[in-house]
Amino acid sequence: MEQRLNLMLSKMECNKEIVLLKKALERQKKARLQAERILEQKSKELYDSTFHLKQANNKLENLLTEKTSELDGVFVNIIDPYVVMDLGFTIINMNSSARDFLGYDNRKEHINLAKLVHKDYIEYTIKSIKNLMEIGVLKNYRSKIRTKDGSYKWVQINSSLIYDKDLKPIGAQGIIRDITKETEIKELLNEQKKQLDIIVENSPLGIILTVDDKIIKANKAFVNLLNYSENELKQFYLNDISTSENKEENAKLIADMNTGVLDNFSTIKKYYKKDGTTLLAKTNVSVVKNDSGNIEYQVSVIEDITVQKELEIQKEQLLNELEISNKGLQEYAHIVSHDLKSPLRSISALATWIQEDYKDVLDDTGLQNLCLMQEKIASMDKLIHGILEYSTAGSSDIDTVKVDLNSVLSEIKESIYIPDHVMVVAPKKLPSIYADRIKMHQLFQNIISNAVVHIDKEEGLVKILCAEQDKYWLFTIEDNGVGIPEKFYKKIFEIFQSIGENERSTGIGLSIVKKIVDRYQGKVWVESKLGEGTTFYFTIKKQRNGTA
């Protein structure tokens, strides 16, 4: 019984263990299923992650390829020369602009950019490289470098260091800008500025720069004019040391300049010297504008005309006195000619009466002497008339009208004695000019009369021609007379000077010609060949509507 009981208990315990075992197995099975589900879920997540990582990696590779292509495109298409260098400044890459500019090709030869620097800029370059290594950037480095063809060019370089992922510098990149023309122009401008400064400083005229009427610079000449130092002058406004003769007009000119109506003007100003005295100066004022068209400063050029003005006043006084004197001389000439002609007329009358009353008493010699007396009286009368004409020939009191010279020539041919064998002609029509008719009549008559009396040919010819010039009329009066020796070319235009044995010549006619030509601001001269003839040339300045 006990054995059975033990067996039953043993059997019950065995069943209990089996149950427990079954439960354990069931739990293990469930756990494995759950683990499999988790593993499956994790595998799926891992697969999805792997898939997404592959996609992301592909995108990154594509993006890297795109950026690399973009960088390559930028590198190639930079307009300015662009280079990439190692830390020893040996070029490891360069764009086509750099190859064209430097003349070197890094694909074919070894190039060190630092070794291309001109010797005068080596020290400056060393300092610049040091700054680049310390700061990481180099801005506006300017130097002269030698290109492959041996020429030197001015460059401006902006550079920066290239770093690896650990922020260690591994190279440098730089953009090179060609500033050769810019530098040459700048140097030329600097040189011109130096030259201009020298010219300004050594100019005999005073020169000052002002800003809003404040003096900012003055040259030596202006300093010497007023006896102030340049530093003293810089304390003044221009109005402090000068005043205009016409203040209202000057104020308007300045206003017009400030508003852009005028760029320059000229005025007369009085300047006060340090010692209290004054000087009169012609002042030319010009503006200098900036690129925007605004006035930066004014330049005034001052010319001392004190002495000149005094001389002008003296000249005007002398001219007035001369005018009064000339009028007095003309009046005196008229009076003298009248007083001289009166006794001449009386002598002529007495000689005539004697000849008429005593012709039966006087012999041939006596009658001949009376005839000679009458001839001398006529010569004296002609001389007095010539002197009177000479005294009025250069008079400023003239009547300017339009004169037909063809009409004047006709009047002369009718009023003077012209032998039958002599012809006075104008092959071409003479012009009408603005002048004094009486003066033109005197001018042409004296030359023509002189020509007529000195013709010795069987067929005499006096020819009058005219040519129009820019400011003058050029006249020629040509004859085929005896000619004039060259030594008398100038002498014949002096008063009381004549050549030959012609008793009818007073020696005044050609001097009157010169005086009239001078009055019209012209010239008179002669060309001649002995035995062949003479040509007189003279010019008359054109007058416009009664004015010169």
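Model, not experiment: these values are computed from the prediction.
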Requested in this report: Apply ring pair (Phe, Tyr, Trp, His ring centres under 6.0 Å) to Y228 and F222, showing your working.
Outcome: CA-CA 9 Å; Y228 285 103; F222 190 72; 9.0 Å; no
Just wondering, more than 12 heavy atoms not from [X] lying within 6.0 Å of its [atom1]?
| X | atom1 | answer |
| --- | --- | --- |
| I438 | CD1 | no |
| D256 | CG | yes |
| K234 | NZ | yes |
| E459 | CD | no |
| K273 | NZ | yes |

Using a strict threshold of under 4.0 Å (side-chain N to carboxylate O), is an ion pair present between [Y] and [X]?
| X | Y | value |
| --- | --- | --- |
| E310 | K315 | no |
| K282 | D304 | no |
| K220 | E230 | no |
| E532 | K457 | no |
| R437 | E411 | yes |

Kindly indicate whether the side chain of [X], heavy atoms from C-beta on, has any atom under 4.5 Å from the side chain of [Y].
| X | Y | answer |
| --- | --- | --- |
| I477 | F444 | yes |
| K309 | I268 | no |
| V288 | V299 | yes |
| N450 | L510 | yes |
| V517 | L443 | yes |
| L530 | V482 | no |

Using a distance-only test with no angle check, is there a side-chain donor-acceptor pair under 3.5 angstrom linking [X] and [Y]?
| X | Y | result |
| --- | --- | --- |
| D213 | N239 | yes |
| T210 | Q298 | yes |
| K270 | T243 | no |

For [X] and [Y], work out which heavy atoms get closest and say how close.
| X | Y | result |
| --- | --- | --- |
| S300 | T283 | CB-CG2, 4.2 Å |
| I418 | V452 | CA-CG1, 4.2 Å |
| V285 | M257 | O-CE, 3.4 Å |
| V462 | A451 | CG2-CB, 4.0 Å |
| I464 | P427 | O-CD, 3.4 Å |
| K153 | F101 | CD-CE1, 3.4 Å |

Requested in this report: Apply side chain to side chain contact (heavy atoms under 4.5 Å, CB included) to the pair I208 and N219, showing each step before the final yes or no.
Outcome: CA-CA 7 Å; I208 57 174; N219 72 342; 5.6 Å; no
Quick one: [atom1] on [X] to [atom2] on [Y], what's the gap to the nearest 0.5 Å?
| X | Y | atom1 | atom2 | result |
| --- | --- | --- | --- | --- |
| K541 | Q469 | NZ | CD | 13.0 Å |
| Q445 | I512 | CD | CD1 | 9.5 Å |
| F538 | K523 | CZ | NZ | 15.5 Å |
| C466 | L474 | SG | CG | 7.0 Å |
| I540 | R519 | CD1 | CZ | 10.5 Å |
| K214 | L233 | NZ | CG | 11.5 Å |

Ignoring hydrogens and angles, tell me if any N or O in the side chain of [X] forms a donor-acceptor pair with the backbone of [Y] under 3.5 Å.
| X | Y | result |
| --- | --- | --- |
| S151 | T147 | no |
| K413 | V424 | yes |
| N406 | L430 | yes |
| N480 | G460 | no |
| D240 | Y237 | yes |
| T278 | Y271 | no |

**Report entry** Test side chain to side chain contact (heavy atoms under 4.5 Å, CB included) applied to V524 and V513, step by step
**Finding:** CA-CA 8 Å; V524 59; V513 166; 4.3 Å; yes
Query - Stepwise side chain to side chain donor-acceptor pair (under 3.5 Å) test for T277 and Y272 - result: CA-CA 6 Å; T277 59; Y272 303 102; over 6 Å; no
Query raised in the report: When you look at L262 and I254, which way does the side chain to side chain contact (heavy atoms under 4.5 Å, CB included) test go after all the steps?
Result: CA-CA 8 Å; L262 292 176; I254 292 174; over 6 Å; no
Query - Centroid-centroid distance, Y520 to W473, less than 6.0 Å - result: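 They do not qualify: ring centres at least 6.0 Å apart.
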Query raised in the report: Under 6.0 Å between ring centres, would you say that holds for F475 and F536?
Result: no
**Report entry** Worked verdict on R177 versus E182 for salt bridge (charged side-chain N to carboxylate O under 4.0 Å, His left out)
**Finding:** CA-CA 11 Å; R177 188 163 71 87; E182 176 186 325; 3.5 Å; yes
Requested in this report: Might you work through the side chain to side chain contact (heavy atoms under 4.5 Å, CB included) test for I241 and I215, ending with a clear yes or no?
Outcome: CA-CA 10 Å; I241 56 171; I215 298 173; 3.8 Å; yes
Report task. Starting from the C-alpha separation in whole Å, work towards a yes-or-no answer on salt bridge (charged side-chain N to carboxylate O under 4.0 Å, His left out) for D479 and K463. Result -> CA-CA 6 Å; D479 68 59; K463 186 165 57 177; over 6 Å; no
Report task. Just jot down the ring-ring contact (aromatic ring centres under 6.0 Å, His included) partners of H118, sequence neighbours excluded, or say none. Result -> Y152
Query - Positive for side chain to side chain contact (heavy atoms under 4.5 Å, CB included) with T306, one of L311, L279, L225 - result: L279
Query raised in the report: With Q442, which of I516, D436, I412 fulfils side chain to side chain contact (heavy atoms under 4.5 Å, CB included)?
Result: I516
